[in-house]
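Protein chains get the first letters and strands the later ones, always in sequence-line order, with residue 1 at the start of each.
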There are 2 protein chains.
Amino acid sequence: MRAALVEAQKAFIIGEVPIGAVIVYDGKIIGRGHNLREHLNDGIAHAEIMAIQEACGALNSWRLIDCDIYVTIEPCLMCSGAIINSRIRSVYFGSRDPKAGAVESLYQVLGDSRLNHQVNVTEGILSDQCSQIMKDFFKAARKRKKKN
Amino acid sequence: MRAALVEAQKAFIIGEVPIGAVIVYDGKIIGRGHNLREHLNDGIAHAEIMAIQEACGALNSWRLIDCDIYVTIEPCLMCSGAIINSRIRSVYFGSRDPKAGAVESLYQVLGDSRLNHQVNVTEGILSDQCSQIMKDFFKAARKRKKKN
């Protein structure tokens, strides 16, 4: 999760909502990503998606069997769906997202037995740091808005 | 939807599950996509995602305001989430996907008032053609499997 926080920090520095993710296979990080929605002008460019695409490239497969993803904030519907579609084994996340989270908050899609793949979930890893960087970001954003 | 079916046909020809999508803005198609999961080795590469990314490029924005998506088969969780995240106005789809559909079949996420964007839904457009190309594809796939 520390590596995912480093990714979140990269997003923070360039003014993107600071969420980061890494994918681990066989003890090694094979995919890293941070939110790039504004820079790429692409609503798909969430941290998890960027990390999944890099990991797929590393393994030369769309099936990320035996891979785990570490992400600082609870994945949204799109990213939870991407995690299922990619056959990721386990998700470790930091803090919940009560407005859009699809793992625990609004939906619990990763354990849905009607889908063709289920994913293990562990939450609360470095939760304080993961939520603090978000709070710092939105506080700064509000300050900037007030100035303008 | 005819243009989305042309996209599905492109997927069929190269051996991908034949699903196609187009995005329309102001009466013009600004994004096209077909499933490329196997060719790109990328579980994210569904038809809707490819179309959304092309449309974001065309409008130079991650917000696809006043854009509509036409897709041959009911979107999955990932694609439904991507449609919400991209602020697409309306979804028109052909046939339901009872195993993975997140618009009507397993979930109805596009109308969820807890999320920060809702999407209009119309189903059943050229439904027979949209499901027939899928049936043809899986029939041929079973035949190939039997031969090996």
Hey, what do you get for CE (A/M78) to OG (B/S86), rounding to the nearest 0.5 Å? 7.5 Å
Region of B/I84 that comes under 4.5 Å of a non-hydrogen atom in chain A: side chain
For B/Q53, does its backbone N or O pair with a side-chain atom of A/D42 as donor and acceptor, under 3.5 Å? no
If I take atom CG from residue B/L77 and atom SG from residue A/C76, how far apart are they, to the nearest 0.5 angstrom? 10.5 Å
Do you know which of B/I49, B/V109, B/L64 has the most heavy-atom pairs under 4.5 Å to chain A? B/V109
Does anything in residues 13-33 of chain B reach chain A? List residues with heavy atoms under 4.5 Å apart, or say none. none
Picking from B/S61, B/S80, B/A102, which has the most non-hydrogen pairs under 4.5 angstrom with chain A? B/S61
Choice from B/L40, B/D112, B/I83, B/N116 maximising heavy atom contacts with chain A below 4.5 Å: B/D112
Quick one: what part of A/I52 sits under 4.5 Å from any heavy atom of chain B, side chain, backbone, both or neither? side chain
Going only through I, L, V, M, F, W and Y residues with side-chain contacts under 4.5 Å, is there a path from A/F12 to A/M50? no
Hey, any chance B/I73 and B/L36 share a hydrophobic cluster, counting ILVMFWY side chains that come within less than 4.5 Å of each other, even indirectly? no
Separation between CG (B/L115) and NZ (A/K99), nearest 0.5 Å, reads 12.0 Å
Looking at every heavy atom in both B/C56 and A/G43, which two are closest together, and how far apart are they? SG-N, 4.2 Å
With a 4.5 angstrom heavy-atom cut-off, which part of A/L59 approaches chain B: side chain, backbone, both or neither? neither
Measure from the side-chain N and O atoms of A/R37 to the backbone N and O of B/W62, and report whether any donor-acceptor pair falls under 3.5 Å. no
